[in-house]
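Single-structure report; data block below.
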Amino acid sequence: METKQDSTRVPRRDFIRKTAAAAAVVAASPLLRTPVYGQNQAPSANVAGANDRIAVAVVGVGYGIGQNHLQGIHEKAAPNNTVLAAACDLFSRRRDWAKEKAGLKDSDVVVDYRKLLERKDIDAVVIATHDPWHASISLDAMNAGKHVYCEKPLTRYLDEAFKVHDAVKKTGKIFQVGSQGCSAEGWHRCADMIKAGKIGTLVWGQGYYCRNVSGGEWNYDIDDKSLPENIDWERWLGPVKTRAPFSAEHFHRWRKYYRYCAGLLGDLVPHRLHPLMLASGNPEFPVRVTCVSSKNVHSDKEKNLPEREVAEHIQLVAEFPSGYMVTITCSTVNAKSPGFAIYGHKATMNIGSSGERIELIPEKDYAEEIDPETIGGLVAEDPRVHEKNWFDSIRGNKPPNAHIDLAIRVQTVISLAEMADRLKITCLFDEKTRKITDASGKEIPPITYGTLPLS
């Protein structure tokens with residue numbers, strides 16, 4: 001991968017020293033190393049034959065991310081030495097699309113994902129279903145010997161997340177969460193710079209992901225073939241306790257409803273939280289999380305659509321044992337986004353929204369110690385880059401960029417934030433016992449399916 005740097009640093013110190021230091025950072029970056037397949041690689045046990053070609057199945061080929069994965073993996077099959085071998089979806093029209101787009105046989109496209117897991121020729125599974133199915137499919141896939149790429153969030157609820165975490169540790173499968181920002185080069189550079197002391201003690205990280213769609217975010221078009229005879233509704237509900245009658249509204253716009261999704265916390269927050277925790281260089285479990293939200297615009301009413309249960313605007317704050325704090329703001333009713341920043345007591349880093357650029361700005365009192373620096377042209381956030389990182393990790397038997405140890409810490413923040421918001425409390429967390437308490441020390445059971453009226 002080619003990278004370019006802007007030459008905007010103040011030439012206050014020895015040029016040779018700075019050039020050598022920069023070269024060391026580049027050499028240390030795993031994103032810039034190009035693996036040579038078949039040379040000093042240790043392929044996973046269930047990736048064999050055809051020069052270690054990886055056969056992939058996609059579970060969930062809905063409009064958007066699921067279809068993006070299927071099409072992208074199919075189109076990049078040759079350079080990645082992979083094959084799109086099968087697909088699963090509960091909607092007949094999407095199964096037909098998958099067959100046509102990837103040239104699959106009828107037997108390769110199924111309703112029940114377990115039929116794919118029975119196949120010995122499939123090495124890895126991409127999970128792009130709605131959130132309640134993430135845990136079950138992940139667990140079944142790993143227990144069947146498959147590597148897993150699971151779209152964010154890791155799971156719908158926290159108890160499931162720890163089951164997935166423990167299964168990854170037990171099975172040794174390569175597990176990647178689909179937060180593609182983790183494969184943007186900027187965040188890995190930030191981690192290297194922070195560990196090298198470039199900003200002093202890490203203090204605070206901020207991220208924003210804000211949108212503003214007339215008529216309401218997630219009000220996707222409803223396919224006219226979305227009928228009970230074409231969709232396996234009972235299977236789609238999965239572990240959801242409220243067995244509602246068939247609803248095309250819920251099927252296509254599930255992010256609006258708590259029983260399927262945490263709303264902004266499940267959809268947009270992971271895009272900001274994964275990178276900010278990765279960039280710290282030492283992702284931690286939180287010790288305290290709070291969150292507030294509002295729903296005062298009622299954007300669905302603009303087009304006379306069913307009103308969402310989830311919030312239109314949220315703000316969370318998480319505190320970590322080291323003292324690092326993260327704030328994330330997400331909105332569906334105002335699109336202004338100040339952007340990413342990581343603050344240290346000696347300098348601040350502004351980061352491009354796709355991880356493509358870093359600007360290091362020293363604090364005034366440390367300007368003689370730290371040079372300003374701008375690094376541009378970095379590998380940006382891209383689903384294809386993130387998928388390739390997963391494939392490379394499978395072949396190299398090494399953790400991917402959005403590995404389970406990062407994912408479980410991120411999911412803990414997300415789940416505690418949902419509890420804090422919906423129960424109107426501040427959540428304290430003990431990583432050794434995995435227990436949640438409020439400020440008085442009272443233990444609070446993690447919410448899960450059926451805990452709350454809208455869960």
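Since this is a predicted model, take the numbers as computed values, not measurements.
For Asp221, the CG atom sits in a loose shell: 12 or fewer heavy atoms of surrounding residues, nucleotides or ligands are nearer than 6.0 Å. Other residues, nucleotides and ligands place more than 12 heavy atoms under 6.0 Å from the CD atom of Glu229. By the neighbour-count criterion of 12 heavy atoms within 6.0 Å, atom CZ of Arg434 is densely surrounded, having more than that number from other residues, nucleotides or ligands.
Under a 4.0 Å N-O distance rule, the pair Arg95/Asp232 does not qualify as a salt bridge. Look at Lys198 and Glu373 and you find a salt bridge, because one of the NZ, NE, NH1 or NH2 atoms lies within 4.0 Å of a carboxylate O, short of that distance. Salt bridge present: Glu185 and Arg189 bring a charged side-chain N and a carboxylate O closer than 4.0 Å. Taking 4.0 Å as the cut-off between side-chain N and carboxylate O, Glu234 and Arg243 count as a salt-bridged pair. A salt bridge links Asp106 to Lys99: at least one charged side-chain nitrogen sits closer than 4.0 Å to a carboxylate oxygen. Residues Glu160 and Lys163 are not paired through a salt bridge, judged by the lack of any N-O separation under 4.0 Å between the basic side chain and the carboxylate. Ionic pairing of Asp121 and Arg119 is present here: one or more N-O contacts between side-chain nitrogen and carboxylate oxygen are shorter than 4.0 angstrom. Ion pairing between Lys115 and Asp108 fails under the 4.0 Å rule for side-chain N and carboxylate O. At a threshold of 4.0 Å, the pair Asp430-Lys432 does not count as salt-bridged, since none of the basic side-chain nitrogens sits closer than that to a carboxylate oxygen.
Taking CD1 from Ile314 and OG from Ser331, the interatomic distance works out to 9.5 Å, rounded to the nearest 0.5 Å. Within the model, atoms CD of Glu75 and CG of Asn80 stand 11.5 Å from one another, a figure rounded to the nearest 0.5 Å. One finds the CD1 atom of Ile328 at 11.0 Å from the CG atom of Leu268 (value rounded to the nearest 0.5 Å). Expressed to the nearest 0.5 Å, how far CD1 of Ile174 lies from CE of Met142 amounts to 11.0 Å. Atom CE of Met325 sits about 12.5 Å away from atom OH of Tyr343, to the nearest 0.5 Å. Atom OH of residue Tyr324 and atom CG of residue Leu276 lie 5.0 Å apart, to the nearest 0.5 angstrom.
His386 and Tyr149 have their aromatic ring centers within a separation under 6.0 angstrom. Note: Tyr260 and Trp133 fail the aromatic proximity criterion, with ring centroids not under 6.0 Å apart. Checked against a 6.0 Å centroid threshold, the rings of His250 and Tyr257 count as neighbours. Between Tyr220 and His252, the distance from one ring center to the other does not fall under 6.0 angstrom.
Smallest separation of non-hydrogen atoms from Asn389 and Asn401: OD1-N, 2.8 Å. Leu264 and Cys330 make their closest contact through CD1-O, 3.7 Å (heavy atoms, listed as atom of the first residue, atom of the second, distance). Residues Lys146 and Leu117 approach most closely at CE-O, 3.4 Å, considering heavy atoms. Of all heavy-atom pairs spanning Ala98 and Ala87, the tightest one is CB-CB, 4.0 Å. Between Pro338 and Gln206 the shortest heavy-atom distance is CB-NE2, 4.4 Å. Val111 and Leu90 get closest at one heavy-atom pair: O-CD2, 3.3 Å.
Looking at Arg156, its side chain never comes within 3.5 Å of a backbone N or O of Pro153 through a donor-acceptor pair. Gln71 contributes no side-chain N or O that, together with a main-chain N or O of Asn68, makes up a donor-acceptor pair within less than 3.5 Å. With Ser226 contributing its side chain and Ile222 its backbone, the two residues share no donor-acceptor pair below 3.5 Å. At distances below 3.5 Å, not a single donor-acceptor pair connects side-chain atoms of Arg259 with backbone N or O atoms of Ser455.
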Run the side chain to side chain donor-acceptor pair (under 3.5 Å) check on Asp131 and Tyr157 step by step: do they pass?
-> CA-CA 9 Å; Asp131 300 351; Tyr157 292 112; over 6 Å; no
Would Asp267 and Trp218 satisfy side chain to side chain donor-acceptor pair (under 3.5 Å), going step by step from the backbone distance to the final call?
-> CA-CA 10 Å; Asp267 187 37; Trp218 305 314; 2.9 Å; yes
Take Ser322 and Glu284 through the side chain to side chain donor-acceptor pair (under 3.5 Å) test and state the conclusion after the steps.
-> CA-CA 8 Å; Ser322 63; Glu284 302 171 284; 2.7 Å; yes
Report the C-alpha separation of Val164 and Leu154 in whole Å, then their side-chain angles, then the decisive distance to 0.1 Å, and conclude whether the side-chain contact (heavy atoms from CB on, under 4.5 Å) test is met.
-> CA-CA 8 Å; Val164 172; Leu154 175 60; 4.0 Å; yes
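Looking at Val126 and Val59, their side chains never come closer than 4.5 Å, going by heavy atoms from C-beta outward. Phe320 is not listed as a side-chain neighbour of Arg409, based on a closest heavy-atom distance of 4.5 Å or more. Looking at heavy atoms from C-beta onward, Cys190 lies in side-chain contact with Ile351 at the 4.5 angstrom threshold. Between Val326 and Val317 the shortest side-chain heavy-atom distance does not fall below 4.5 Å.
Classification of the Phe91-Phe251 ring pair by plane angle, with boundaries at 30° and 60°, yields perpendicular.
A donor-acceptor contact under 3.5 angstrom links the side chains of Asp300 and Asn219, judged on distance only. Inspection of the His403 and Gln176 side chains reveals no N or O donor paired with an N or O acceptor under 3.5 Å. Between the side chains of Gln180 and His271, no donor N or O sits under 3.5 Å from an acceptor N or O.
Judged by the 6.0 Å distance and 45° axis criteria, Arg94 is positioned over the aromatic ring of Tyr63.
Test Trp204, Tyr208, Trp187 against Phe340 for ring-ring contact (aromatic ring centres under 6.0 Å, His included) and you get one pass: Trp187.
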